[in-house]
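See below for the structure under consideration.
Here, residue 1 is the first one in the sequence, and each next residue gets the next number. Computed from a predicted structure; not experimentally measured.
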Amino acid sequence: MGATSRYRASIRLERGRIANLQTAILTNRGDDDFFIQKAISWALRDYGKVNPEWGRAFVANNVLSSLARREGCKYL
């Protein structure tokens, strides 16, 4: 596998990860369970360290609980 093929494969993998993360957050954002909201904030905070632009845009464009918003934006 050449360098170009590996790069394209990594781009597809990254897009898939973002899609899975968005689906998980958007599916569960209305749940009132504290630990669900905490998990959403952890996911946002962790991925925000890798891709802060995506994290800022996602939080700005989606309705999240105050806990998820506050904790998820901690390092953005």
Side-chain angles (χ1 to χ4, degrees):
M1 185 184 285
T4 303
S5 297
R6 282 193 300 271
Y7 177 74
R8 287 183 186 144
S10 70
I11 295 293
R12 283 192 304 273
L13 180 62
E14 186 63 23
R15 286 182 185 152
R17 287 181 180 156
I18 291 172
N20 288 341
L21 179 61
Q22 286 177 310
T23 300
I25 292 171
L26 294 175
T27 301
N28 293 294
R29 69 182 170 178
D31 196 316
D32 291 334
D33 188 312
F34 170 80
F35 293 104
I36 298 293
Q37 295 304 317
K38 194 69 173 173
I40 289 171
S41 68
W42 287 336
L44 287 170
R45 186 170 39 199
D46 284 347
Y47 193 69
K49 291 176 184 176
V50 176
N51 191 345
E53 298 84 22
W54 178 87
R56 280 188 216 91
F58 185 83
V59 169
N61 295 322
N62 292 285
V63 176
L64 300 170
S65 72
S66 59
L67 172 67
R69 183 174 296 281
R70 180 179 63 246
E71 294 294 318
C73 292
K74 200 172 223 177
Y75 301 114
L76 294 179

> How many angstroms lie between atom CG of Asn51 and atom CZ of Arg56, to the nearest 0.5 angstrom?
Replying inline: 9.5 Å
Residues 63-76 side chain polar contacts: donor-acceptor under 3.5 Å, at least two apart:
from, atom 1, to, atom 2, distance (Å)
Ser65, OG, Gln37, OE1, 2.6
Ser65, OG, Ala68, N, 3.1
Arg69, NH1, Val59, O, 2.8
Arg69, NH2, Val59, O, 3.3
Arg69, NH2, Asn62, O, 2.8
Glu71, OE1, Arg45, NH1, 3.3
Glu71, OE1, Lys74, NZ, 3.4

>> Tell me whether Asp32 at atom CG has more than 12 heavy atoms from other residues, nucleotides or ligands lying less than 6.0 Å away.
In response: no
>> Strictly by ring pair (Phe, Tyr, Trp, His ring centres under 6.0 Å), give each pair with a member in residues 24-56 just once, sequence neighbours left out.
In response: Tyr47-Trp54, Trp54-Phe58
> Under the side chain to side chain contact (heavy atoms under 4.5 Å, CB included) test, which residues partner Asn28, sequence neighbours left out?
Replying inline: Ile36, Ile40
